[in-house]
Amino acid sequence: MRAVDVREVSFTYDDGTEALAGIHFRVEEGEFVAVLGSNGSGKTTLIQLLVGLLKTNAGRIEIGGREIGSLEAEELYQRVGLVFQNPNDQLFAATVEEDCAFGPRNLNLPEAEVQKRVTESLAAVAALPLRGRAIHHLSFGEQKRVSLAGVLAMRPAVLILDEPTAGLDPAGEAQMMQLLKKLNREEKMTVILATHSVDMLPLFANRIYVLDRGRVLQEGPSEEIFRHQEMIVRAKLRLPYVSRLMYEMKRHDGVPIDGLPLTIGEARAQLLELIPKEMILPGIEESGS
Amino acid sequence: MFDLFSDIFTYRDNALTRIDPRVKLLIALAALVAVVSAERPILPFGFFVLCLGTVAALGVPAKLVALRLAAPFSTVAVLVVIHTFVTGTTPLFTLTLGGWTLTAKAEGFRQGLFLGNRVLGALSIVLLLGIATPAHRIFQALRGFRISKEWVEVAILMYRYIFVLLDRVGDLAAAQRLRLGYRAPRRGLASFSALAGATIVHSFEQARRTHDAMRLRGYRGTMPFGPFPALKRRERGILLLGLAGILAAYAILEWGVAG
Ligand SMILES: Nc1ncnc2c1ncn2[C@@H]1O[C@H](COP(=O)(O)OP(=O)(O)OP(=O)(O)O)[C@@H](O)[C@H]1O
Ligand SMILES: [Mg+2]
């Protein structure tokens with residue numbers, strides 16, 4: 001089934017800024033899709049349309065096969081959940097536990113079920129030990145994970161995140177992406193994320209939409225997206241660093257590289273094939289990745 | 001400046017923080033009534049000493065206590081001064097200030113001290129309550145007493161966003177200072193009004209985004225609260241003991257029914 005179907009949607013802000021111009025955007029159930037675009041390309045606008053915070057000027061948005069306007073709030077918010085870019089916008093309760101319980105209590109669930117959901121969603125983001133803590137005593141990374149837990153407690157079919165890794169340190173970024181991957185692969189949750197950081201995406205996203213000035217420039221699996229160098233540059237983005245290196249070696253140094261590796265693992269495999277066996281020192285420890 | 005709002009102590013585990021907030025709230029309320037209605041100075045002063053002593057015993061740094069009491073202390077000082085010069089008949093001494101003759105009077109001084117003593121007694125009770133109970137537990141207790149939902153909700157949101165706003169205003173002010181915004185009084189005034197304007201805009205924006213975020217999690221105008229378990233036997237005991245203690249102190253110190 002189709003989780004999200006956006007057809008020919010445009011959106012213009014009150015001040016006349018045309019943020020989206022006739023875009024198509026489709027996500028199947030269980031997919032992990034990234035919306036990639038530079039600052040001001042329209043990512044947040046698209047996301048806010050998907051959760052009904054903004055209303056389209058033209059076009060049609062369907063969530064789980066139903067037109068978004070025809071869904072009751074209660075139904076809609078169990079189908080789509082949004083994690084805001086800034087956790088302060090979202091975390092309003094005094095403690096972690098109360099913030100996570102907010103959604104389930106709004107659904108009038110029995111208290112035992114509320115507690116169960118709080119525990120499960122905090123566990124899912126590795127934040128169980130934070131349960132009794134005050135929100136304003138948490139670090140930024142912890143706040144980010146707790147705000148994700150608060151949305152997970154609603155058990156949305158589609159999880160939407162605006163810049164989930166912005167402002168996180170490298171370890172925090174990796175942890176966040178691993179959490180999302182796990183939710184996607186193990187809990188079968190559909191994940192849509194908006195971002196402008198390209199390095200991690202090929203490892204996680206099934207498909208990528210490239211957005212530029214309110215238009216979709218290209219859509220497809222990451223291999224296909226990053227093959228179009230000029231398009232990436234036009235969208236004010238860049239290749240993942242490892243791909244850039246391989247691209248330069250291929251183009252300027254004539255190294256016979258096949259296609260364009262997008263991850264360190266792929267690049268490593270290719271380089272190993274090119275380096276003569278006798279040049280490789282024996283006895284070096286086998287590493288995991 | 002932000003130390004004033006520090007609440008790390010309320011999250012410590014000790015005998016006082018463990019007590020149900022409703023019990024603490026009721027005992028504090030009874031103590032407040034006792035202090036405010038006391039006719040003799042000894043009861044308010046006793047509470048002042050007791051509460052500050054407990055606060056110290058909980059390991060709260062004196063600096064924080066001083067910070068929190070600074071404003072009330074100056075209020076009390078003003079209260080005493082005004083009363084001294086306005087009320088009473090028995091002159092203590094006379095001051096001449098630019099042609100004005102002010103006479104300090106004994107009754108006024110005594111009355112000022114007495115009122116100030118009450119104010120400090122009451123405030124030390126609130127201080128102790130605030131150090132032994134996180135704000136959200138107080139809000140919870142208020143809900144437990146069926147205080148209007150709207151008020152409690154507004155209080156919760158205000159409490160949470162004070163910290164966000166303080167952070168942001170602190171950053172803005174620092175950014176202004178780094179660009180010499182407060183170098184001259186004139187410029188300082190302009191910077192300060194810009195800061196005030198920005199703060200208002202920020203709070204509105206924050207409110208809008210937070211309201212959006214709440215709606216997305218099913219908020220329909222009333223905040224849901226968890227259930228209230230009945231008070232445990234031990235808590236009921238503490239409540240009774242606390243109330244009885246206050247009553248006994250009041251009886252002995254105010255009515256003089258010494259045993
Ligand atoms: N409330 C608003 N009023 C008017 N114009 C707006 C508003 N919000 C966004 N815009 C404009 O709409 C366009 C798209 O903005 P949007 O926030 O969707 O971009 P984005 O891709 O999320 O950018 P970023 O990566 O910086 O978050 C921009 O040109 C922006 O200036
Ligand atoms: Mg954005």
Side-chain angles (χ1 to χ4, degrees), chain A residues 44 47-48 50-54 72-112 114-115 118 132-138 140 143 147 150-154 156 160 162, chain B residues 2 5-13 17-18 21 133-143 152-168 171 202-229:
Chain A
T44 299
I47 278 177
Q48 300 214 329
L50 293 183
V51 295
L53 287 177
L54 298 173
E72 290 293 326
E74 196 171 319
E75 238 176 312
L76 178 61
Y77 301 143
Q78 291 185 78
R79 294 191 186 203
V80 286
L82 171 61
V83 181
F84 283 57
Q85 177 169 353
N86 181 353
N88 270 332
D89 293 344
Q90 199 182 315
L91 301 170
F92 65 87
T95 65
V96 169
E97 173 165 17
E98 286 190 26
D99 202 275
C100 285
F102 178 72
R105 286 200 181 126
N106 278 326
L107 295 173
N108 294 324
L109 298 172
E111 190 57 23
V114 171
Q115 292 306 323
V118 170
R133 297 272 297 275
I135 298 278
H136 57 274
H137 293 166
L138 301 181
F140 185 78
Q143 288 189 351
S147 63
V151 172
L152 289 179
M154 294 291 282
I160 305 179
D162 199 352
Chain B
F2 305 162
F5 295 92
S6 167
D7 63 345
I8 41 173
F9 296 101
T10 64
Y11 288 91
R12 296 230 169 122
D13 184 48
T17 52
R18 252 173 271 139
T133 323
H136 74 280
R137 303 275 290 155
I138 296 184
F139 300 139
Q140 233 175 19
L142 290 175
R143 280 289 300 128
V152 179
E153 220 177 290
V154 167
I156 289 175
L157 291 176
M158 270 176 56
Y159 177 75
R160 164 74 180 104
Y161 283 104
I162 274 178
F163 294 97
V164 176
L165 221 54
L166 274 181
D167 263 359
R168 219 166 280 176
D171 286 348
H202 273 305
S203 0
F204 272 110
E205 274 294 296
Q206 182 71 69
R208 194 181 52 76
R209 286 193 304 264
T210 301
H211 183 244
D212 281 349
M214 288 168 74
R215 259 175 42 206
L216 292 185
R217 289 197 284 157
Y219 178 73
R220 281 173 309 239
T222 42
M223 213 182 266
F225 287 91
F228 285 99

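Quick caveat, the model's predicted, so the values are computed rather than measured. Every chain is numbered from 1 and lettered A, B, ... according to where its sequence line falls, protein lines coming before strand lines.
In terms of heavy-atom pairs under 4.5 Å with chain B, the best-connected choice from A:A101, A:A93, A:A134, A:G81 is A:A134. Your options are A:S147, A:G52, A:G150, and the one with the most heavy-atom pairs under 4.5 Å with chain B is A:G150. The candidate from B:Q206, B:R220, B:M214 with the greatest count of non-hydrogen atom pairs under 4.5 Å with chain A is B:M214.
What you find for A:M154 and B:G218 is that their closest heavy atoms are CE-N, 4.1 Å. Minimum heavy-atom separation, A:A94 to B:Y11: O-OH, 4.3 Å.
Proximity to chain B is absent for every atom of A:A153, based on heavy atoms less than 4.5 angstrom apart. At a 4.5 Å heavy-atom cutoff, the contact between B:R215 and chain A is made by backbone and side-chain atoms alike. The contact between A:E111 and chain B is made entirely by side chain atoms (from C-beta outward), counting heavy-atom distances below 4.5 Å. In this structure, no portion of A:A73 lies under 4.5 Å from any heavy atom of chain B. Neither the backbone nor the side chain of A:L76 comes within contact range of chain B; no heavy atom of the residue lies under 4.5 Å from a heavy atom of that chain. The contact between A:F84 and chain B is made entirely by side chain atoms (from C-beta outward), counting heavy-atom distances below 4.5 Å. Contacts of A:Q48 with chain B are absent, with no heavy-atom separation under 4.5 Å from either backbone or side chain. In this structure, the portions of B:Y219 lying under 4.5 Å from any heavy atom of chain A include both its backbone and its side chain.
Atoms CG and CG, from B:L216 and A:L82 in turn, are 5.5 Å apart once rounded to the nearest 0.5 Å. B:E153 CD to A:F92 CZ: the interatomic distance, rounded to the nearest 0.5 Å, is 8.5 Å. Rounding to the nearest 0.5 angstrom, the gap separating the CG atom in A:D89 from the CD atom in B:E205 is 9.0 Å.
In this structure, B:Y161 contributes its side chain and A:N88 its backbone to a donor-acceptor pair below 3.5 Å.
Between A:D99 and B:R217 the shortest side-chain heavy-atom distance falls below 4.5 Å.
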